[in-house]
There are 4 protein chains.
Amino acid sequence: MTRVTVWAEYRQERRDPPVAAVYPDGIHAAIAEGLRDAGFEVRTATLDEPDHGLTDDVLGETDVLTWWGHVAHAEVGDEVVERVHRRVLDGMGLIVLHSGHHSKIFKRLMGTTCDLNWREAGERERLWVVDPAHPIAEGLGQGFTLDAEEMYGEHFDVPAPDRLVLISWFSGGEVFRSGCCYERGRGRIFYFRPGHETHPSYRHPGVRRVIANAATWAAGSSGDRPERRGRPEPSEAGSTRR
Amino acid sequence: MTRVTVWAEYRQERRDPPVAAVYPDGIHAAIAEGLRDAGFEVRTATLDEPDHGLTDDVLGETDVLTWWGHVAHAEVGDEVVERVHRRVLDGMGLIVLHSGHHSKIFKRLMGTTCDLNWREAGERERLWVVDPAHPIAEGLGQGFTLDAEEMYGEHFDVPAPDRLVLISWFSGGEVFRSGCCYERGRGRIFYFRPGHETHPSYRHPGVRRVIANAATWAAGSSGDRPERRGRPEPSEAGSTRR
Amino acid sequence: MTRVTVWAEYRQERRDPPVAAVYPDGIHAAIAEGLRDAGFEVRTATLDEPDHGLTDDVLGETDVLTWWGHVAHAEVGDEVVERVHRRVLDGMGLIVLHSGHHSKIFKRLMGTTCDLNWREAGERERLWVVDPAHPIAEGLGQGFTLDAEEMYGEHFDVPAPDRLVLISWFSGGEVFRSGCCYERGRGRIFYFRPGHETHPSYRHPGVRRVIANAATWAAGSSGDRPERRGRPEPSEAGSTRR
Amino acid sequence: MTRVTVWAEYRQERRDPPVAAVYPDGIHAAIAEGLRDAGFEVRTATLDEPDHGLTDDVLGETDVLTWWGHVAHAEVGDEVVERVHRRVLDGMGLIVLHSGHHSKIFKRLMGTTCDLNWREAGERERLWVVDPAHPIAEGLGQGFTLDAEEMYGEHFDVPAPDRLVLISWFSGGEVFRSGCCYERGRGRIFYFRPGHETHPSYRHPGVRRVIANAATWAAGSSGDRPERRGRPEPSEAGSTRR
C-alpha cells in the first residue's frame with residue numbers, strides 16, 4: 001500500500017478564525033482524509049513538530065510527500081530541506097500544493113524563483129484537462145470547477161513542465177498552468193494549484209481525485225539506483241591508450 | 001556586439017605542470033581566444049580575484065557567462081553564486097563547461113546532483129549532432145572527433161534537457177549527453193561536455209565552434225521582464241464577488 | 001530579407017457578405033499587410049490559383065509559409081501537401097493560423113486528429129504569455145486582449161508542444177493552448193489560434209506582432225542538411241568484424 | 001491481463017536462409033515468446049494474412065501492438081494503417097521495432113521522414129540507460145550489450161522524444177537514440193532500435209526486458225476519451241454577447 005505523508009504548516013488554522021472555520025483540524029487533516037478515503041496509508045506532519053515531523057525515519061517510510069506551506073516558509077530548517085531534497089532525488093514522490101510554490105524545497109528542485117501573480121477575491125476557477133491521457137487526469141473528464149478560490153496568474157516562473165496536465169481559468173480574466181509534472185533524479189514531482197486556506201477546496205471531489213491520482217503517479221517505479229562514480233576500467237576492453 | 005565573460009578557476013594551470021604545459025596562460029585564455037576570434041567582446045574572470053571577478057557591475061555588462069571549474073567548487077562564495085543565479089534568471093546566458101557540472105551555480109539551476117561516471121584515460125571522443133536544426137549545431141555537419149579526452153558516462157543526473165543537441169561516443173564504450181540546452185526564468189543555459197585540463201580541447205575548431213554558437217544562442221532575446229506580484233484589480237471588470 | 005508566402009483559401013471572403021465586410025481583399029491581404037509593415041518580403045497565394053499558388057519555385061523562394069484555411073481543406077491537392085511537407089522538413093518555417101488546425105498539412109506534420117472544441121459567440125479572448133523568454137513573446141508584455149473572437153477550447157489533440165508560448169482565456173469559461181511551437185526535421189512550426197473570418201483579428205497589433213515574431217523565429221537557422229544513408233565504412237577504423 | 005498483438009512481415013524468414021536460420025518460426029514468434037514468458041496474453045499477426053491480421057476486431061482486443069517490418073513496408077494497405085492510427089490515437093499502445101522506423105504507421109504518427117544512417121557489419125552495440133527513473137528502464141541497471149547488431153546512427157529524423165530512455169553505442173563509432181517515448185492522442189508509442197533479422201537479439205534477455213517493460217508502460221491508463229465538438233452553450237453562463 002502506498003504510504004503518503006501529508007505535511008502542512010498548521011499555523012493559520014490555529015490563530016486565524018476565518019481559516020479555522022474552514023479547516024478546524026488543519027489543512028493537513030482535510031488532505032489526509034481525502035487520501036485515506038482513496039485507499040492510501042497516510043500520516044501527517046507539521047511545522048512545529050521536532051524536525052517538522054520529517055525525520056530520516058519518517059521520510060524513509062514515505063513513498064509520497066505532500067507539501068502545503070504559506071506564511072512560514074522561512075522557518076523550515078535548511079537541514080530538513082536537504083533531507084527531503086535527497087529523498088526526492090532518490091525516488092520519493094512530492095506533491096507541492098498551492099502556496100507551496102514558494103517553499104524552500106520546491107524552489108530548490110526547480111532552480112527558479114517560482115514567482116507568480118495572485119489576487120484574493122474568491123473567484124470562480126475552472127480547471128481544464130489538457131493531457132487527457134495522463135494518469136493524473138484519470139476520471140476527471142474535461143475538468144471541474146471551484147466556486148471560489150484565490151487567483152494565481154501567469155507568468156509562473158518555473159521550468160517548462162515535463163508534462164502539463166491542467167490549466168486554470170479564473171473569472172477575473174487570468175489563466176494558470178495548474179497541474180505541472182516534473183521528474184528530477186529518480187523522483188516525480190507534481191505541482192497542483194488549489195487551494196487557499198480560506199476556501200474548502202481540499203474537500204472538493206475533483207481536487208481530491210487529482211491529489212489521489214498524483215500520489216499514485218508519484219509513487220510509481222523509481223527504477224534502479226544508478227551508480228555514478230569513477231570507472232577506471234573501460235567498458236570496451238583494450239580500447240584506451242593506457 | 002555580444003559581451004562574454006569567461007570564468008575559470010585558474011588553479012591547476014598555475015601549480016600542476018602537466019596542466020600548465022597544455023594551458024600556460026590558463027584555460028580561460030584559450031576559451032577567450034576562441035570567442036574573440038569568433039567576433040565576441042570578451043573579458044575573463046577567475047576565482048582568486050576579488051568577488052571572483054564577478055561583481056554586479058561585471059555581470060551587468062555580461063550577456064553570456066562561461067564557467068569552468070574543477071577542484072575548487074567549494075571555494076566559490078555563496079553570495080557570488082546568488083548573484084550569478086539572479087542574473088541568469090533575469091536573462092544572462094550561461095555556458096557550463098566540462099567539470100563545471102559540479103559547480104554550485106549549475107547544481108543550483110538544475111536542482112539535481114549533476115553526478116555522472118568518469119574515467120581519465122585519454123580516450124577518443126566522437127560528438128554527434130542529434131538536433132541538426134538547432135543553432136548550436138550550425139556548421140558542425142554530423143559532428144567532430146577529439147583524439148583524447150576524459151570520459152564522462154551516463155547516467156548524468158540532470159533534468160531532461162529542453163533540447164539535446166550533441167551525444168558523445170567514447171572509445172572505452174560509454175555514451176554521454178554532451179550538449180544540453182535549458183531555459184530557466186529568462187535565461188538560457190548550455191552544458192557542454194569537453195574539455196579536461198590535460199587535453200587541448202579548447203583549441204579544437206569543433207569545440208570552439210560549439211562554444212561560439214552557444215554564446216550566440218544564449219545571448220538571444222530574453223523577452224520582456226514579467227511582473228509577478230499581487231494584482232488586486234481583476235483583468236475582467238466586474239468579475240469578482242468583492 | 002526574410003521571404004514570407006501568405007496562403008489562404010480566399011473563398012468565404014468572395015461569397016459571404018459578413019466575411020467580405022471584414023476582409024474585403026481577403027484574409028491573406030490583411031495578414032500580408034501586417035508582415036510587410038514589419039519589414040518582411042511578402043507574397044500571397046490562394047486555393048484557386050494553379051497549384052494553389054504553391055509551386056516548387058514559389059516554395060523554393062519561401063523562408064516561411066503562413067496557412068489559413070477553413071471550409072475547403074479537402075480541396076487542397078495531396079501533391080501540394082506533399083510538396084509543402086518536404087519543404088518544411090527541409091527547413092522552411094510554417095505558421096498555421098486558427099482553423100488551419102484542420103488543414104491536411106498540419107495534421108500530416110502533427111500525426112494526430114488536431115480536433116478541438118469551439119463556439120462562435122463573439123467572446124472576449126485574453127492571450128497570456130507563459131514563456132516570456134521566447135522570441136515569439138517579444139514585445140507582448142503580459143499578453144493582449146481581443147474583444148470578440150470564436151472560442152477554441154481544450155482538449156486540443158496535438159502532440160505536447162516543444163514550447164508553449166501563449167494560453168488563451170475566453171469569457172465563456174474555456175482555455176486553449178494558443179501559441180504552440182514544434183520542430184520537425186529542419187523546420188520550425190508555430191500554431192497560432194486567432195482569428196475567425198468574421199472578426200478583424202488580423203488587423204490587431206498584438207496578433208500582428210505575434211505573427212511577425214513567429215516569422216522571424218521560424219525563418220531562423222535550419223542548420224546543416226544531415227546525410228542519412230547506408231555507411232559501409234565505420235567511423236572507427238578496424239572496429240568491425242568484417 | 002494485458003493483451004499484446006505481435007505483428008511482423010514474416011517474409012525474409014521464409015525465403016532467406018540466413019534469416020530462417022536465426023528465426024525459423026519468424027521474428028514474431030521470438031518476440032511473442034518473450035512477452036508470453038513475461039506474463040502477457042499474446043497473439044501474432046503477419047503481412048500475408050487477410051487484412052494483415054489486423055481487423056477492427058483484433059485491434060479492438062489489443063492493448064499494445066508491436067510492429068516489425070523491413071522489406072515490404074509499401075505492401076501494408078493504407079486502410080490498415082488508418083485503422084491502426086485511429087486505434088493508437090484512441091489509446092492502444094504501439095511498440096515500433098528496429099526497421100519499423102520506416103513503416104507507414106510510424107511515419108504517419110511522427111510526421112517526419114524517420115530516416116537514419118545504417119551499416120550491416122555485425123558490430124557490438126551497448127545500450128545505456130539515460131533515464132533510470134522511467135518504467136521502461138526498470139531492471140536494466142546501467143544497460144546491456146548486444147555482441148553483434150546492425151548499426152543505426154544519428155541523425156534520426158524523428159520529433160524530439162517526449163522521453164529518451166536509451167542511447168546506443170556502436171563499436172564502429174556511432175551513437176543512436178535507441179529508446180524513444182512518444183504520446184499521441186491517448187496512445188503511447190515506444191521506438192526501440194534492435195534487432196536486425198540476421199541477429200538473435202529478440203532472444204536476448206535485455207531486449208526482452210525492454211519490450212516487456214514497454215508493453216506494460218504502453219498499456220497504461222489512457223484516461224477519459226475527450227469530447228471535441230461544437231459547444232453552443234458557454235461554460236460560463238451569461239458570458240457571451242448573444
Side-chain angles (χ1 to χ4, degrees), chain A residues 85-86 88-90 105-124 147-148 151 153-160 162 170-175 182-187 189 223-242, chain B residues 85-86 88-90 105-124 147-148 151 153-160 162 170-175 182-187 189 223-242:
Chain A
H85 187 243
R86 276 195 309 270
V88 170
L89 297 185
D90 197 42
I105 182 62
F106 189 57
K107 292 195 288 187
R108 174 70 186 270
L109 282 160
M110 296 294 104
T112 55
T113 67
C114 303
D115 286 344
L116 47 76
N117 291 300
W118 75 95
R119 180 171 58 243
E120 294 185 39
E123 298 178 41
R124 187 153 45 256
D147 287 336
M151 183 281 289
E154 297 283 347
H155 174 244
F156 184 23
D157 184 29
V158 285
D162 295 333
F170 290 94
S171 49
E174 280 84 2
V175 298
Y182 296 93
E183 319 223 351
R184 291 296 183 266
R186 299 163 66 227
I189 302 156
D224 302 316
R225 181 178 289 135
E227 291 183 30
R228 292 183 286 254
R229 58 177 177 80
R231 300 192 169 272
E233 294 307 313
S235 300
E236 193 74 358
S239 65
T240 60
R241 298 180 166 186
R242 292 186 178 177
Chain B
H85 186 242
R86 275 195 309 271
V88 170
L89 297 185
D90 197 41
I105 182 62
F106 190 57
K107 291 195 288 186
R108 174 70 185 271
L109 283 159
M110 296 293 104
T112 56
T113 67
C114 302
D115 287 344
L116 47 75
N117 291 300
W118 74 95
R119 180 171 58 243
E120 293 185 39
E123 300 177 40
R124 187 153 45 256
D147 287 336
M151 182 283 287
E154 296 283 345
H155 174 246
F156 184 21
D157 184 29
V158 286
D162 294 333
F170 291 94
S171 49
E174 280 83 2
V175 297
Y182 296 94
E183 318 222 352
R184 292 297 184 265
R186 299 163 67 226
I189 303 155
D224 303 316
R225 180 177 291 134
E227 291 184 30
R228 292 183 286 254
R229 58 177 178 80
R231 299 191 171 272
E233 294 308 311
S235 300
E236 193 74 357
S239 65
T240 60
R241 297 179 166 189
R242 290 184 181 178

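Chain letters run A, B, ... following the sequence lines, proteins first and then strands; every chain starts at 1.
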Asks: Can you see which heavy atom on B:Ser235 is nearest to which on A:Gly173, and at what distance?
Replies: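 Closest heavy-atom pair between B:Ser235 and A:Gly173: CB-CA, 4.2 Å.
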
Asks: Looking at residues at least two apart in the chain, or sitting in another chain, which of them share a side chain to side chain contact (heavy atoms under 4.5 Å, CB included) with B:Glu233?
Replies: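 In terms of side chain to side chain contact (heavy atoms under 4.5 Å, CB included), with neighbours along the sequence ignored, B:Glu233 is linked to no residue.
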
Asks: If we define contacts as heavy-atom pairs under 4.5 Å, which of B:Leu109, B:Thr112, B:Leu116, B:Val88 has the most with chain A?
Replies: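 Of B:Leu109, B:Thr112, B:Leu116, B:Val88, B:Leu116 has the most heavy-atom pairs under 4.5 Å with chain A.
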
Asks: Considering only heavy atoms, give the residues of residues 153-160 of chain A separated from chain B by less than 4.5 Å, sorted numerically, with 'none' for an empty result.
Replies: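 Only A:His155, A:Asp157, A:Pro159 of residues 153-160 of chain A have a heavy atom under 4.5 Å from chain B.
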
Asks: Keeping A:His85 on the side-chain end and B:Gly111 on the backbone end, is there a donor-acceptor pair under 3.5 Å?
Replies: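 Judged by distance alone, yes, a pair lies under 3.5 Å.
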
Asks: Which one wins on heavy-atom pair count under 4.5 Å against chain A: B:Arg108, B:Met110, B:Glu174?
Replies: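 Counting heavy-atom pairs under 4.5 Å, the top option is B:Glu174.
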
Asks: Using 4.0 Å as the upper bound for N to carboxylate O, is an ion pair formed by B:Arg186 and B:Asp90?
Replies: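 Yes.
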
Asks: Chain B heavy atoms under 4.5 Å from A:Leu89: which part of the residue, side chain, backbone, both or neither?
Replies: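 Side chain only.
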
Asks: Are the side chain of A:Glu123 and the backbone of A:Gly172 linked by a donor-acceptor contact shorter than 3.5 Å?
Replies: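 The answer is yes, because a donor-acceptor pair under 3.5 Å joins these two groups.
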
Asks: Just to verify, what does B:Asp115 make a salt bridge (Lys or Arg N to Asp or Glu O under 4.0 Å) with, not counting sequence neighbours?
Replies: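 B:Asp115 satisfies salt bridge (Lys or Arg N to Asp or Glu O under 4.0 Å) with no other residue.
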
Asks: Taking only residues two or more places apart in sequence or in another chain, which ones pass side chain to side chain contact (heavy atoms under 4.5 Å, CB included) with B:Asn117?
Replies: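 B:Asn117 satisfies side chain to side chain contact (heavy atoms under 4.5 Å, CB included) with A:Arg228, A:Arg229, A:Arg231, D:Gln142 once adjacent residues are dropped.
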
